[in-house]
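Each remark here refers to the structure printed beneath this line.
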Amino acid sequence: MEIKEEDLGQWRRTHYSSEIGPSMADREVVVMGWVSSVRDHGNIQFIIIKDSQGEVQVTAKKGEAGEQLFSMAQEVKEHTALGVKGKVRPQAKAPNGAEVVPTEMRAFSVARKAAPFMTQGKTSPVGIDTRLDLRAVDLRRGQLGAIFRIRQTVVNSVREFLLRQQFMEVSTPKMIATATEGGAALFPIFYYDREAFLAQSPQLYKEQLTMAFESVFEIGPIFRAEPSRTNRHLSEAISIDVERAFADYHDVMALLERMIVNIIDTVKERNPADLKFLELEMPKLELPLPKYAYSDLIDRLQEAGERIQWGDDISPQVMKNLQDERLDGFYFIVDWPTSTKPFYVKPKADDPRVCESFDLMFGPLELSSGSTRINRKDQLVERMQKQGLKVDAFDYHLRVFDYGVPPHAGFGLGLERLMMAIAKIENIRDATFYPRDIDRLAP
Ligand code: ATP
Ligand code: MG
């Protein structure tokens, strides 16, 4: 028998899978979701239906279910979008200790093909590209469900944490006229009859907004034309950007580390089932986090035989080579050479070769960069010129510096990088819904 597809019509879900339990015995319910597995025991068919909240077992027995219903239960395939009307019956072996005995079933959309990968289990035997080509189906996998529920908690906890401390959540333009910092390459776009760019960071706007709102944050996309294929770069990533007036880099480092602790505690509190499913333990951290000066680290790297000079950026590979348990987990690298950081980072008053800057690291992975910013116009212009930037192009930014920009500091924290650290994700592509990279613009 071929299963007929039907419309939703007047059918509506009465309960999520997670709400079905033994205490609901004999209640009439309507559940909806997609078929995650089917087991055929001859005279008895078990259909597991998955919805956004979990799984529920539907059990059709020959004789108990009508003939047509039973043969539909025999035919139904994984991934079919299904609605089931039936009665709840306690069943110790079923998820949540109860099953649904169907009286009516509706296939809203019949799965026509077997997916090229399993959605059961914690790992997938196929390559990431096969999964990404069919990402919406891939996201039905339990592992990714758990990861994205944790991600939701991370975002919520950041918001709650910052809002409790008088921050204002802001939105800055993503279509911009000029680069905000050197280095990262921009994506050009058409803006009416002009060339414009996708914003590589909200940097200059969030700094300006401290003039009116003091403490601001934004959780939004950043766009970077990263030419290399790595497991830690996306062309479009989500950045948690924070900027605070009347503060320096020590203040925002203290804020950032408390924010990380808050994130970890909140995930432990709100996602115990996901952590259990992933067999994941949240990293432990003690505050204050260790701080290593850039110069000391360079000395250590040189002693370890690395060919690195004072003034070079420190690559993850170099950090991996440095076997040192002090560099596991979360730590800061502070006081970078001024030449390695963007123009708006404030050089130290007593040694301008070094700037008031930090990177938050997790092992060899950079999670965040932050600094005290320059708040005086002449100093900012001087730094721009030293970095070979066209000062005129920043006129729209520089003009506000005539009107009392407060001392301020801030950081940008990559959401996907943070997810890699806390959920042990190896490839950043699995920390976002639809990754963009040099090879991928679809789906
Ligand atoms: P990296 O050296 O790792 O390429 P960066 O120093 O160029 O990063 P920043 O400009 O300091 O990056 O951006 C702040 C944070 O934003 C980074 O610490 C990282 O967490 C995140 N981030 C930056 N670029 C990307 C990207 N292409 N993909 C994912 N996250 C990114
Ligand atoms: Mg950085």
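Indexing begins at 1, ligand by ligand and atom by atom, following the structure's order. Below, each value reflects all heavy atoms present in this structure, side chains not excepted, and no hydrogens, waters or symmetry copies. Counting from 1, the numbers follow the sequence of the chain as shown.
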Heavy atom of [X], distance to ligand 1 below 4.0 Å:
X	value
E226	yes
D313	no
S368	yes

- Item | G414-ligand 1 polar pair, N/O distance under 3.5 Å | yes

- Message: Counting only nitrogen or oxygen atoms and a 3.5 angstrom limit, does L234 reach ligand 1?
- Response: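 N/O-N/O distance under 3.5 Å: yes.
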
Check each atom of ligand 1 against the heavy atoms of [X] and keep those under 4.0 Å away; list them by number with element.
X	value
G412	14 (C), 15 (C)
S369	11 (O), 18 (O)
R232	28 (N), 29 (C)
I428	29 (C)

Lys/Arg-Asp/Glu bridge criterion (N-O < 4.0 Å) met for [X], [Y]:
X	Y	value
D248	K346	no
D324	R300	yes
R436	E416	no
D296	K291	no
D395	R399	yes

- Message: Between F223 and F187 (judged by ring centroids, cut-off 6.0 Å), do the two rings come close enough to count as a pair?
- Response: no

- Can the ring centroids of F343 and F394 be said to lie less than 6.0 angstrom from one another?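 Yes: the rings meet the under 6.0 Å criterion.
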
Test of understanding: given a 4.0 Å heavy-atom threshold, classify the contact between [X] and ligand 1 as side chain, backbone, both, or neither.
X	value
R224	side chain
L367	backbone
A237	side chain

- Message: Does the Lys NZ or Arg CZ of R135 fall within the cation-pi geometry relative to Y434 - under 6.0 Å from the ring centre and within 45° of the axis?
- Response: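 The answer is no; the distance or angle limit is not met.
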
- Query: Who's closest to atom 25 (C) of ligand 1 heavy-atom-wise, of M361, Q203, R417, E236?
  - Reply: R417

- Task: Only heavy atoms count here, so choose which of R436, H233, M420, E366 is nearest to atom 4 (O) of ligand 1.
- Result: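 Of the listed residues, H233 has the closest heavy atom.
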
- Task: Give the minimum heavy-atom separation between F277 and A146, together with the two atoms involved.
- Result: CD2-CB, 4.3 Å

- Task: Identify the heavy atoms of W34 and H79 that sit nearest to each other, and give their distance.
- Result: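 Looks like CB-O, 4.1 Å.
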
- Mark yes or no for whether R13, through its side chain, and M32, through its backbone, hold a donor-acceptor pair below 3.5 Å. yes

- Cut-off under 2.8 Å, centre the Mg ion (ligand 2), protein N/O/S atoms: E366 OE2, S369 OG

- Is there side-chain contact between H397 and L380, with at least one heavy-atom pair below 4.5 Å? yes

- Query: Do you know which of D439, D437, D129 makes salt bridge (charged side-chain N to carboxylate O under 4.0 Å, His left out) with R229?
  - Reply: D439

